[in-house]
Amino acid sequence: MKDENYFEKVYAITRLIPRGRISTYGTIASYLALGSARMVGWALNKSFSEERVPAHRVVNRKGELSGRNHFPTPTLMQELLEKEGAIVENNQIKNFKELFWDPAEELDIEL
DNA sequence: GGATTGACGTCTG
DNA sequence: GCAGACGCCAATC
């Protein structure tokens, strides 16, 4: 029973994302030293079956809602992001830079 | 057990 | 600056 699986780490980080904040696969992957951003996407894919993880707050490096197609409804992701104050246009977050959240930042505060 | 795919990222052209 | 190809690591077929 490896509780310390890489996807559990991703769950923790994704759940720690504050409302109105957004993170990226590469940042999380780099922080968790997963070695590949794809691992993050994979973990989030399982997250739907595991627990309620705000995966809609996690987007690719371009700030694009790449995973919206995997949501129950392709519009759900955008709806949630807009509801949290994010400006989504053309399946891409306009104020992505402003809403960008880094796990290291949160860790720095905890430390 | 091998080959392909996958919610991505970085490099080269 | 944009487009295309390769690389990552794991799970699924």
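Proteins come first, then strands; the chains are lettered A, B, ... in the order of their sequence lines, and each starts at number 1. Keep in mind that the numbers below use all heavy atoms, side chains included, and drop hydrogens, waters and symmetry copies.
To the nearest 0.5 Å, the span separating CD on A:Q78 from CG on A:L76 amounts to 10.5 Å. If you take CG on A:L80 and CG on A:L65, they are separated by 10.0 Å, rounding to the nearest 0.5 Å. Put simply, CD1 on A:I28 and NZ on A:K9 are 13.5 Å apart, with the number rounded to the nearest 0.5 Å. Here the CG atom belonging to A:L44 is positioned 4.5 Å from the OG1 atom belonging to A:T14, to the nearest 0.5 angstrom.
Taking the 5' to 3' direction, DNA chain C first and last meets chain A under 4.0 angstrom from a heavy atom at C:dG7 to C:dA11.
As rounded to whole Å, 12 Å separates atom C1' of B:dG9 from atom CE of A:M39. Whole-Å rounding puts the A:Y25 OH to B:dT10 P distance at 14 Å. With rounding to whole Å, A:N45 atom CG is found 12 Å from B:dT5 atom C1'.
Counting non-hydrogen atoms of other residues, nucleotides and ligands closer than 6.0 Å to NZ of A:K94 gives a total above 12.
The stretch residues 52-74 of chain A touches DNA chain B through A:A55, A:N60, A:R61, A:S66, A:G67, A:H70, A:F71, each having a heavy atom under 4.0 angstrom from the strand.
For A:D102 (side chain) and A:A104 (main-chain N/O), a donor-acceptor pair under 3.5 Å exists by modelled atom type.
There is no path of hydrophobic side-chain contacts, each under 4.5 Å, that joins A:I13 to A:L99.
At least one side-chain heavy atom of A:F96 sits less than 4.5 Å from a side-chain heavy atom of A:T24.
Of the P atoms belonging to C:dC6 and B:dT4, the separation is 14 Å, rounded to the nearest Å.
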